[in-house]
Protein chains: 2
Amino acid sequence: MEKYYPVLDRCAMFQGIGKESVLAMLKCMGAKVLSYNQGETIFAEGDLAEDIGIVLSGSAQIVKIDYFGNRSIMANVVEGEIFGESFACSGVDTLPVNVIATKNCQIMIINALRIISTCSNACEFHRQIIFNLLKVVATKNLVFNQKIEVTSKRSTREKLMTYLLIQAKNAGSNEFTIPFDRQELADYLEVDRSGLSAEISKLRKEGVLECEKGRFVLNSK
Amino acid sequence: MEKYYPVLDRCAMFQGIGKESVLAMLKCMGAKVLSYNQGETIFAEGDLAEDIGIVLSGSAQIVKIDYFGNRSIMANVVEGEIFGESFACSGVDTLPVNVIATKNCQIMIINALRIISTCSNACEFHRQIIFNLLKVVATKNLVFNQKIEVTSKRSTREKLMTYLLIQAKNAGSNEFTIPFDRQELADYLEVDRSGLSAEISKLRKEGVLECEKGRFVLNSK
DNA sequence: CTCCTTTTGTTGAAATTTCAACATACATCA
DNA sequence: TGATGTATGTTGAAATTTCAACAAAAGGAG
């Protein structure tokens, strides 16, 4: 497990805990590491919501597919980030979403009960982990809040601009890269892909932005 | 504080803690109770995100108002439910939303730090409270997930039906009451009010549902 | 009961989105 | 390099939503 530590060190769940303790706790919690190829399903809707996942490398998306096959992308998770924790901690029995690898990736899987219940070995940092977990879950809430802020806008143009402005703010620059291709961006914004492409073209002609693939530049005008 | 205990006893944050302990902890955490009239702002966007609120009576809505004044209703909270906890626990400094009283209400306000940090009095149930808080925050996540599921639908009709089906499921009956008037329902579904009214009329004529004010009946057909 | 205000329903026009279909660019692999 | 498949951009038509304006119904205050 030691080779994964550099990532775990940046993971919100292990903040404030030293290397030795983290490694000891992983053992204590029965953490395991699995590999997935791009496109593979890591967690499927309907699976028991008992595990949390930590992205050690690669990336994944939290995706909901409705009755008619329409895809809605809830969030994107990258190296060092966690998924599944909200479902596991809420006490719901099965997952209402899918988690799909968007690149080849390594995922650390930990049973949530092993985190939540104090282990008999009385790991001294157990308390810290739970605090961290609370913060992680609360922060995930903000991510959803932000998605709702974006998708609550009524037009494709407004949704797109709201999303891009948030990305620029996060990047601290008006030049940034998004983790989505056009279809994925459309599925995150909950709009039609062709309409989105058309809107991007229009904004480009108006000089509001420049882009190629996932790289965007917002012109302050 | 004792008179509020019947509500607190049903509040997710105090599960598994006895009456005496709850009352002791309230004191320990410096809980206070404030009253608000319908329409008053309980928390405003931009306020420091340091308090959590518990609805003792009445109800409130978590609301986001955008730059153009468009209202988006994030959630409705009723007696025994908690709000503000996600923001306080995530470490964000200011609130990105407003909380507005939708009925005259009494709200218990507790500083989140007093919950999160172990008190010097070493309340024995402090640990339990933090677990409960984790579950509350995780559950709030599900609420947002559900809102996204509803609003990700592309048509007013689908949004409405998705919402109503969830309500029916929650109520365990195809007859139920929703906490929104038409304008509020539109602001929750993120659609135009008049379009929503029109859609409801249509569904009524088609025999899919019956309703008067907030009371709906879904006909299974 | 009447007046006044708020909520809900209705409607048609304008704006927007979705949908389908296709063109083009890009990438991969043999 | 050519061939194939995927991603992106473009377009026009159909469907839907928003918007504005008004009518009808419901609720409250005096």
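Below, chain A is the first sequence line, B the second, and so on; all start at residue 1. Values below: all heavy atoms of this structure, side chains included; hydrogens, waters and symmetry mates excluded.
More than 12 heavy atoms of other residues, nucleotides or ligands shown are found within 6.0 angstrom of NZ on K153(A). Counting non-hydrogen atoms of neighbouring residues, nucleotides and ligands closer than 6.0 angstrom, the CD atom of E206(A) exceeds 12 such neighbours. By the neighbour-count criterion of 12 heavy atoms within 6.0 Å, atom NZ of K103(B) is sparsely surrounded, having that number or fewer from other residues, nucleotides or ligands.
Note: F43(A) and F83(A) meet the aromatic proximity criterion, with ring centroids under 6.0 Å apart.
Between E190(B) and K147(B) there is a salt bridge, since at least one side-chain N of the basic residue sits less than 4.0 Å from a carboxylate O of the acidic one.
E50(A) contributes no side-chain N or O that, together with a main-chain N or O of D93(A), makes up a donor-acceptor pair within less than 3.5 Å. Formation of a donor-acceptor pair under 3.5 Å by the N98(A) side chain with backbone atoms of E45(A) is found in this model. A donor-acceptor pair under 3.5 Å is formed between the side chain of K140(A) and the backbone N or O of I82(A).
Atom NZ in K153(A) sits roughly 19 Å away from atom C1' in dA15(C) (whole-Å rounding). If you measure from atom CD of E158(A) to atom C1' of dA15(C), you get 13 Å, rounded to the nearest angstrom. When rounded to the nearest whole Å, the span between NZ of K202(B) and C1' of dA15(D) equals 10 Å. Atom CD in Q183(A) sits roughly 13 Å away from atom P in dT6(D) (whole-Å rounding). Taking atom CZ of residue F180(B) and atom P of nucleotide dT8(C), one finds them 13 Å apart after rounding to whole Å.
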Per-nt protein contacts along nucleotides 16-21 of chain C (heavy atom under 4.0 Å; B base, S backbone sugar-phosphate only, - none) come out as -SBBB-
Distances for protein N/O vs nucleotides 4-7 of chain C N/O pairs under 3.5 angstrom?
none

